[in-house]
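Report on the structure given below.
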Amino acid sequence: MKIRFQQHIRQVLFFGTLGFAFSCSNTKYLKEGEMLYTGAEVKIENDSLSKKSKKALKSELEDNLTPKPNSSFLGLRPKLFFYNIAKEPKKEKGFNYWLKYKIGEKPVLLSDVDREFNKDIIVNYSENKGYFNAKATYDTVSKNKKAQVIYTLRPGNQYLINKVKFQNDSIPVTEEIVKVSDKTLLKEGNPFDLGVIKSERERIDNQLKQKGFYYFHPDNLIIQADSTVTKNHKVELNVKLKENTPDLAKQQFTIDKVIVFPNYNIRDVKDGKYNIPMDSDSLAKYAHNDIYVIDPEQKFKPKIFDRALYFKKGDLYNRADHNLTLNRLINLGVFKFVKNEFVISDSLNHKFDTYYLLTPRQIQSLRLEALGRTNSANYAGSELNLNWTHRNLFRGAEQFKASVYGAFDVQIGGPKDAKNLFRAGANAQLSIPRIVAPFRFNSSSAFVPRTNISIGYEFQNRTEYYTLNTFSGSFGYLWKENVRKEHDLKIIDITYVTPANVTPLYDSISAKSQALQRVVQKQLIFGPTYSYTYTNTMLPKKNTIYYKGTLDLAGNLTGLFSGANVKDGKQKSIFGVPFSQYAKMEHDFRFYHKLGDKSSFASRFIGGIAYPYGNSDNIPFSKQFFSGGSNSIRAFRARTLGPGSFDPRTIKQGYYFDQSGDIKLELNAEYRANIYKFLNVAFFADAGNIWLVNDDIQRPGAKFSSDFLSEIAVGAGFGLRLDFSILILRLDLAMPFRVPYYEKGDRWTFDKINFGNSSWRRDNLILNIAIGYPF
């Protein structure tokens, strides 16, 4: 106890001395008469308010005060310290400039604080929250060249809403306001709140926009508060139309003509008028159903706009269809800018024409991109793509993309038998902006549903051992419910894998391993696949998530109708190649938490299982799960981890080959921070493994069992990320902390760490080089 007490005393003295040093260092640079502003505090004097209400009001008031004091950590102000010790730079670059103005922070002085202004803010904010009799004072407390401002608020009683009235002037606009009054945000008994009143005006405006009142504005409404008609600090609210509301704002408008300019250019407008006559006779030649498509060169098929436009002649204007149409036009992917105008054509009958001014994107483009990714076989690493895109192939906004690519998975460190993986290939995809099917598919989403057709070829080379040729093709649909939810259904997804250039060295290694032999077997895989993605990571929220679930069903109907059963010796083939039959499911869940403007925490969980049956007793190698690598558990080389507790060292030569499994569990966590401009740093930990669903006598310990937790691998490390906006280069250095194929009870490796041993460093320090974030 005495030793612990002494340690605590030393810690207190250390931090106290450090704090005093920072404090003295920061104030000694102040000029005569200057005082360092350390912040403000709001004290609330009101016995009728609950502690919770006081705390909430105090926090809101302090958030509104300006300026903010210098940032601090544990009472210290390190940024201010660096600003003070750095010399004034002669140029806006160099070490001194970086230290003083990028790392450092200019002192906030008491003279920078407008105390009267802050007092008015406190009073005004309180009144907006219903404290109509609020009064505030302030006092300044100073010591040792430091000053704090104490504001004291006496808010009085908060006024509550006693009654809400909606005035009806027997005109269409006020009648519609009364109709939507049952959804009002102004509730009897709630506190008077100016923010809620503003939200109520916007709510009414949104409802009126749905009913044809295009020219209405929230400012046309006034919500009067009367505190004289009631007692006990209550107020009556009267919602009414302002007397100076323009006549246009009171009228419901319907759609007259719908006119589309799919090749719009600003030069087409002169003196605010379009150079194409808008009279009926001139427009007649551009008529298509109920719309007019001004496309003399016929670059676009008019039926594109039948599916994208939700306004038709005679429709009552509503904002939902307005926004839906604009979003669908943008999501066609062929227009760079989309603009909408409403021009009054019949003021007596309250009609206007709808103009859609569409500026096409560059129809063809060639792009080179680098990224980090995994393919369908979970190869991890980095990829270089050359893409050619045509965005209007058949004049129906069909997007055709052809690409060639090369990829690699290179890691420095680890056993020398682990060979690098190289990939190269080409693919082509046609994306049609509608559902091509014998049935009708209606979508009211802002996103255009698509039919996707693709073909591809990939060459895979495991250096010195073998190459694989993979041919693929698919037909399916992609549609989004909204910006967060996406569905991808492939009616048919075909993969054919054939080996080539299998070396004698690999034959000798795989002679006693069926798992290695299956790597270079021919594979025929076909069937439907479905994936569902949900994400809100695009929203400006502190906590966001990403989820993707995938279901892959191969050879199900073919196996059922053909009576295939490999266990009974009834394996069926197509063109001499046994087709695969299995069911596979995978879940990928990610959680992101913003710790500040320049730091965040990211985590990911992956869980998957693949089960062979019918015509197959094993999952095809290209569809199995793999673990290890730059986008997985980074302390182990790509595809070398697992399955289970199987010890790859029992294979005397080439023991780090493509270890695959039918079950996968993986958990990753990563702290990310920006330290200077494009330079980011990360600290991470990864855990997980893969397993088989069936026994493999050649790989003992590979089957999933109740003892799976003891077979979890663990690794950790740190990384640098060079973020150049168009390219993120990632360098992750990792080392294993738990190795599942070590003896049970001796799998943690902390006692084996030996940085001074070159052999240990070579086998345990793994440098992952990749492009993009791992998740």
Side-chain angles (χ1 to χ4, degrees), residues 255-268 274-278 280-315 321-341 353-365 387-402 428-455 475-480 491:
I255 306 299
D256 194 0
K257 296 186 289 293
V258 179
I259 306 167
V260 181
F261 293 84
N263 294 287
Y264 171 76
N265 191 297
I266 191 65
R267 290 173 294 183
D268 294 335
Y274 299 96
N275 61 7
I276 298 177
M278 292 293 103
S280 299
D281 292 337
S282 299
L283 286 174
K285 61 181 179 180
Y286 299 115
H288 173 77
N289 295 336
D290 285 334
I291 63 176
Y292 300 92
V293 182
I294 314 300
D295 186 15
E297 298 179 14
Q298 297 184 347
K299 291 183 178 180
F300 300 93
K301 294 179 180 178
K303 65 180 181 181
I304 300 175
F305 308 106
D306 286 340
R307 296 186 291 267
L309 304 184
Y310 272 70
F311 280 142
K312 303 296 181 185
K313 185 179 180 66
D315 288 351
D321 286 347
H322 179 179
N323 292 335
L324 186 60
T325 297
L326 294 178
N327 285 329
R328 288 178 74 91
L329 287 170
I330 292 171
N331 281 282
L332 283 172
V334 72
F335 298 111
K336 185 178 182 180
F337 301 112
V338 173
K339 184 181 177 183
N340 185 215
E341 288 184 3
D353 293 336
T354 304
Y355 292 180
Y356 291 100
L357 314 175
L358 315 177
T359 303
R361 298 176 65 182
Q362 186 177 357
I363 297 300
Q364 299 186 57
S365 64
N387 300 315
W388 174 70
T389 302
H390 194 298
R391 296 183 176 87
N392 193 36
L393 189 64
F394 302 119
R395 298 191 301 113
E398 301 91 353
Q399 294 191 22
F400 178 78
K401 179 185 287 186
Q429 181 184 39
L430 177 64
S431 182
I432 305 170
R434 60 188 176 90
I435 298 296
V436 179
F439 55 86
R440 188 174 181 83
F441 184 93
N442 293 317
S443 171
S444 58
S445 166
F447 297 88
V448 177
R450 292 187 171 274
T451 299
N452 292 328
I453 306 168
S454 69
I455 57 172
F475 175 89
Y477 309 115
L478 178 72
W479 72 98
K480 299 184 74 168
I491 302 297

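Computation of the quantities below employed the complete heavy-atom set of this structure, encompassing side-chain atoms and omitting hydrogens, waters and symmetry-equivalent molecules.
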Checklist entry - To the nearest 0.5 Å, what is the distance between CD (Glu398) and CZ (Arg434)? => result 7.5 Å

Next on the checklist: Rounded at 0.5 Å granularity, tell me how far CZ in Phe261 sits from NZ in Lys339.
Outcome noted: 11.5 Å

Checklist outcome for this item: All heavy atoms of Pro360 vs all of Pro262, minimum pair found to be CG-O, 3.2 Å

Checklist entry - Considering residues at least two apart in sequence or located in another chain, which fulfil the ring-ring contact (aromatic ring centres under 6.0 Å, His included) criterion with Phe475? => result Tyr477

Next on the checklist: For Val436, is there any backbone N or O sitting under 3.5 Å from a side-chain donor or acceptor partner on Thr451?
Outcome noted: yes

Checklist entry - Atom CG of Leu430 and atom CZ of Phe394: how far apart are they, to the nearest 0.5 Å? => result 6.0 Å

Checklist entry - So, Arg450 side chain and Leu332 main chain: donor-acceptor pair closer than 3.5 Å or not? => result yes

Item to check | side chain to side chain donor-acceptor pair (under 3.5 Å) against Asn340, all qualifying residues, sequence neighbours excluded | outcome: His322

Checklist entry - With distance as the sole test, does Arg391 use its side chain to make a donor-acceptor pair with the main-chain N or O of Gln364 at under 3.5 Å? => result no

Checklist entry - How close do Leu329 and Leu358 get, heavy atom to heavy atom, and via which atoms? => result CD1-CD2, 3.9 Å

Checklist entry - According to the interplanar angle, ranging from 0 to 90°, do the rings of Phe300 and Phe335 count as parallel (below 30°), tilted (30 to 60°) or perpendicular (above 60°)? => result tilted

Next on the checklist: Which heavy atom of Arg395 sits nearest to which heavy atom of Ile304, and what is that distance?
Outcome noted: O-CD1, 3.4 Å

Checklist entry - Looking at Asn392 and Lys299, what are the two nearest heavy atoms and their distance? => result ND2-O, 2.9 Å

Checklist entry - Do the non-hydrogen side-chain atoms of His288 and Phe305 ever get within less than 4.5 Å of each other? => result no

Checklist entry - Do the side chain of Asp315 and the main chain of Phe311 share a donor and acceptor less than 3.5 angstrom apart? => result no

Next on the checklist: Which heavy atom of Val293 sits nearest to which heavy atom of Pro302, and what is that distance?
Outcome noted: CG2-CB, 4.1 Å

Checklist entry - Do the non-hydrogen side-chain atoms of Val258 and Asp353 ever get within less than 4.5 Å of each other? => result no

